[in-house]
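In this chain, residues are counted from 1 in sequence order.
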Amino acid sequence: MPGSRRRVVLIAVAVLLVLDVGRSVYARLGDARPTEVWQPAPEVYADLAWPPGSDVAASASPGRRLYVRWCATCHGHDGRGNGPAAPSLIPRPRDFTRGLFKYKSTPPDQPPTDDDLARVVANGLQASAMPYFRDLLTADEIREVVGYIKTLSPAFAGAAPQPVRIPSRVPADAVSLARGRALYADLGCDSCHGADGRRREKQRDAKHYPVITRDLTAPWTFVGGSDPEQLWLRLTTLSSLSPMPSYAESATPTERWHVVNYVLSLARTPAWQPGGHLDGPGQHVDPMTRGEYLVHAEMCGLCHTSISRTGIYRGDDFYLAGGMRVGAYPQGVFVSRNLTGDPDTGLGRWSEVEIATAMRDGRARGRVLNIWGMPWMFLHRLTDADARAIATYLKALPPVRNTIPDPLHYGTLETLAVKLTRPLPAVPPRVLTYTEGNFGAPGGGLARDVPQRVLVGAQWVVVVAGVVMLVLAGPRGRRVPRTVRGWVVTALVVVGAVVLGLVVGIIVRLPALAVIPPEQIADAVTGGIPHPDPERLSDPARRALVERGRYLYTVASCALCHGPDGAGGAKLSWRVLGTVWARNLTPDRDTGLGAWTDGEIARAMRSGIAKDGRPLHWQAMIWDHASNWDEEDVRALIAFLRALPPLHRAIPTPRPPAADDCEVYTFWVDRSTTPGCR
C-alpha cells in the first residue's frame, strides 16, 4: 500500500479508536450522578434502620422495642403511618397519632378498646398488608404493643371507651333481604359500591390517600372480617377516618341488620371452591379498572419510580415517572422510561397499541428494548386484554415532566471483547445495578445521551471520510482497479469488511436484535416455568386457579429472582438491606415452602414477614407491591407454588447490612453464595 494510503488508514483507525474509547468513558460518566435525589420529610415518610429495631436503645420500653421491630416498617417510628414501605400500599397504613380507627367496637367519637387493638394485632386484617402476629407474639407482648400504640395519640387519654351493644341479629329471611335491598339504595350504598355491589371506585381517606371501595360479592376481601356482627359494627362505628360514614344516626339497629343480611346475600362462590370461578379485579371488564389494579400489583413501580437513598419510593408526586439508572455491563446503562401521560416526555402521545407492543415485544419507537434494561420477555405473556388495560391506565396517569435519555453504550471494541466472554446470544451481565435518585431531566435541558450521539456520529463521519480519502490518496490513474483481478480483490475486501461489520454489529447489539422473534426470546426465558399436571387437578375451579397462578408468576416477573423452576438462589446486596438470596418457593419441606401454611405464605407475600418472623425488606421481596394483589390472585399464586415440583435447594441465610455490601443496589445474574459485594 502506498505511504499516503497507509497514513490515511492509520489516521482513520487511530481517530476511530479514540472516539471508541470516548464512548466507553462517557458510558461510565454520562449517568454517573443523578439529576436529583429525593429525600422525603420524615413526617411524610421516615427512614428506618435495617433490620427494624436494630437502632432502638436497650433502655426503651418493651412495647417500643416490639413496635419498632414489627410495626414501624409500615406505620413509621412515630406512628404517623409514614413507614418507608408505605408509599406502595393501598390503603396506606394507619396513622396512630390521629386516634382514628376503623375496625373497632366503640362509637364513632371514641377510640377502640384494648381488646379491639389486641384483636387486630393478633389476627391481622383479612386480605390486606396488615399481618397476624398470634404465632409470633405472646399475649403479653401483644398487650405491650397495644399499650405503646395508645401512647402515640391523646385520644386515649380520656375515660375508657365503651363497646357498642350489638343487638340480636334479624333472621335473614325474604322480608329482611327485601328490606335490606331497599335500604341499600336509600342509604346511598349503591353510589359507591354499585347496584350489584361490585363497583371498584377510588376514593380518598382522611389524609387524601387512595382507598378502593370493597367488592361486596367477595366477603373474603372484607378486611375486618365477614362475620355478621363485624359488618354490623362497620355500619355503626365508622369514624371520619373512612370515606364510608357511620349509619348509627341514619338507620336504626334493626335496619342495619337488614343491610347486613342483604350484603351477605350478594356473596358469590369463591374461585378456590368447586363451582367458583375467577372474577376479581384482574378480570374486570373496564380496562381502566383492570389496568390500574395490574400496574399497582406488578413490578412496574419497582424500576419506573425513583427512590430515596434508603429505598423509599417517590410515589406521591413522581409515580412511574421513570429516571432510575439501571447498569447492565456490557449491555449498557439504561434509565427507566417515564410511563406517565406527559405528552412530551412520557406516553401521552403513544397509542395503546404502541405501549402494548413495547411491553410485550420490546419494540418501542425507533429501537428494540434490551431485555437486561427492561425485562419485557416476562410481559410477553400478557394477554391482549391485560396489555391493553395496562396501556389504557398508563396513558391516563397524571402527567409528570421528566425527560429520559436514551441508553448509553460502551465503545464497540470494549463491548465486543466482553460480550465474546459471555454466553451467546443472551449475553447476560454478571450483575444488574439499580441506582437511587432521578437520572431524568424534569426541568428539560441537554439530554445526557447527546454526547454519545455526537461520538457515534463522528465515528461514521470518520469511516466515510476515510473511505473517500483512501480513494483520493492513490495516484490519479490508479484510484480504481484497472484489471479484472483488481476488481475481484477490491470486491472481496469490501464484502469481507461488510460481513465483518455485520458480525461485529450483531454481537454488539445482542440480544436486542429486531430479527430475533420476541416469542423466541420469551420462550428461552419463561419456557422453563412448569405447567401444572392436569391429572392432579381434576376440579376445573382448582385447575383454573393454578393456571392463573402460573400466569401471574410469569407476568409479575417472579422468575427473574426465583427462577423459572421456583428454586430461588438469586443474590442481591445493598448497604441499606444487607445481602439476601431469593427464597426457594417449591414445596420441598426442608428448603422450600413445604412446611409453610397458606396463611404464612400469604403473610410473607403481602406483609414481608417470613414463617420464622424474619422481616423481609420491601426492596428485596416486593411485598409492598404484592400487598395490592386481590385475594383471588394471592390464592392463585399460592396454588401454583403448591403445584410446583419440589426441588431441594438450600438457600443461604440473609445477612444484615455490613461494610462490604454494595453501595448501589446490586442484583447477581450469575449465581453467587458469597455475602457482600463480591
Side-chain angles (χ1 to χ4, degrees), residues 91 93-94 99-134 142 146 149 161-173 176-177 179-181 183-184 187 189 192-193 197-198 203 205 211-270 599 602-603 606-607 630-632 634-635:
R94 187 74 65 235
L100 299 174
F101 293 80
K102 186 174 181 179
Y103 304 104
K104 62 192 185 78
S105 63
T106 57
D109 59 348
Q110 294 186 27
T113 66
D114 286 8
D115 286 342
D116 290 334
L117 293 176
R119 186 180 305 109
V120 172
V121 173
N123 300 327
L125 295 176
Q126 180 173 275
S128 80
M130 174 61 200
Y132 62 90
F133 289 99
R134 59 181 178 268
I142 290 175
V146 167
I149 290 173
Q162 297 300 312
V164 172
R165 187 185 69 83
I166 303 176
S168 298
R169 182 184 181 184
V170 174
D173 54 23
S176 177
L177 295 181
R179 182 62 179 142
R181 181 182 183 124
L183 286 165
Y184 180 85
L187 295 172
C189 305
C192 295
H193 294 282
R198 304 213 59 189
Q203 297 184 325
D205 65 14
V211 292
I212 307 298
T213 54
R214 196 72 62 211
D215 178 352
L216 299 182
T217 72
W220 50 87
T221 66
F222 295 179
V223 176
S226 57
D227 292 340
E229 290 76 14
Q230 288 299 316
L231 296 187
W232 190 90
L233 284 174
R234 297 295 78 72
L235 296 176
T236 305
T237 67
L238 286 173
S239 66
S240 59
L241 169 74
S242 169
M244 181 174 164
S246 166
Y247 294 95
E249 301 297 329
S250 55
T252 67
T254 299
E255 287 175 331
R256 278 171 261 155
W257 269 125
H258 290 318
V259 174
V260 169
N261 288 339
Y262 174 68
V263 167
L264 290 175
S265 75
L266 299 176
R268 52 190 166 87
T269 303
R603 181 173 62 181
R606 278 197 174 112
S607 310
D630 180 67
E631 180 69 9
E632 287 187 2
V634 169
R635 296 208 182 204

_Would the distance check show the side chain of Lys102 and the main-chain N or O of Gly224 forming a donor-acceptor pair, the cut-off being under 3.5 Å?_
no
*Flag yes if more than 12 heavy atoms outside Arg214 fall under 6.0 Å of its CZ atom; otherwise flag no.*
yes
*Return yes if some donor-acceptor pair links the side-chain N/O of Asn261 with the main-chain N/O of Val170 below 3.5 Å, else return no.*
yes
*How close do Pro171 and Ser176 get, heavy atom to heavy atom, and via which atoms?*
O-CB, 3.2 Å
*asked:* Working to the nearest 0.5 angstrom, can you tell me the gap between Trp257 CH2 and Leu231 CG?
replied: 8.0 Å
*Please round to the nearest 0.5 Å and tell me the distance separating atom OG1 of Thr106 and atom CG of Asp115.*
11.5 Å
*Rounded to the nearest 0.5 Å, what's the gap from OG on Ser226 to CG on Leu216? Could you check?*
12.0 Å
*Can you tell me if Ser246 uses its side chain to pair, donor with acceptor, with the backbone of Thr236 under 3.5 Å?*
yes
*Decide whether Thr113 and Asp116 meet the rule of one side-chain donor and one side-chain acceptor closer than 3.5 Å.*
yes
*Counting distance only, does the side-chain N/O of Ser607 pair as donor-acceptor with the main-chain N or O of Ala129 below 3.5 Å?*
yes
*Looking at Pro228 and Val260, what are the two nearest heavy atoms and their distance?*
O-CG1, 3.9 Å
*Heavy-atom check, side chain of Arg234 versus side chain of Tyr103, under 4.5 Å*: yes
_Given 3.5 Å as the limit, does a donor-acceptor pair link the side chain of Gln126 with the main chain of Trp220, or not?_
yes
*How long is the gap from OG on Ser105 to CZ on Arg165, to the nearest 0.5 Å?*
13.5 Å
*Might you point out which heavy atoms bring Ala251 and Leu187 nearest each other, and give the distance in Å?*
CB-CD1, 4.2 Å
*Check: Pro243 and Val211 side chains under 4.5 Å, non-hydrogen atoms*: yes
*asked:* Using 0.5 Å steps for rounding, measure from the CG atom of Asp215 to the OG1 atom of Thr221.
replied: 6.0 Å
_For Gln230 versus Gly225, what's the shortest heavy-atom pair and its separation?_
CB-O, 4.2 Å
*Working for side chain to side chain contact (heavy atoms under 4.5 Å, CB included), residues Phe101 and Leu117*: CA-CA 9 Å; Phe101 293 80; Leu117 293 176; 3.8 Å; yes
_Straight-line distance of Leu238 CG to Met244 CE, nearest 0.5 Å_ = 5.5 Å
*Taking all non-hydrogen atoms of both residues, which atom of Tyr247 and which atom of Arg256 are closest, and how far apart?*
O-NE, 3.6 Å
_Nearest heavy atoms of Arg268 and Thr217, plus distance in Å_ = NE-OG1, 2.8 Å
*Sidechain N-carboxylate O distance under 4.0 Å for Glu229, Arg169*: no
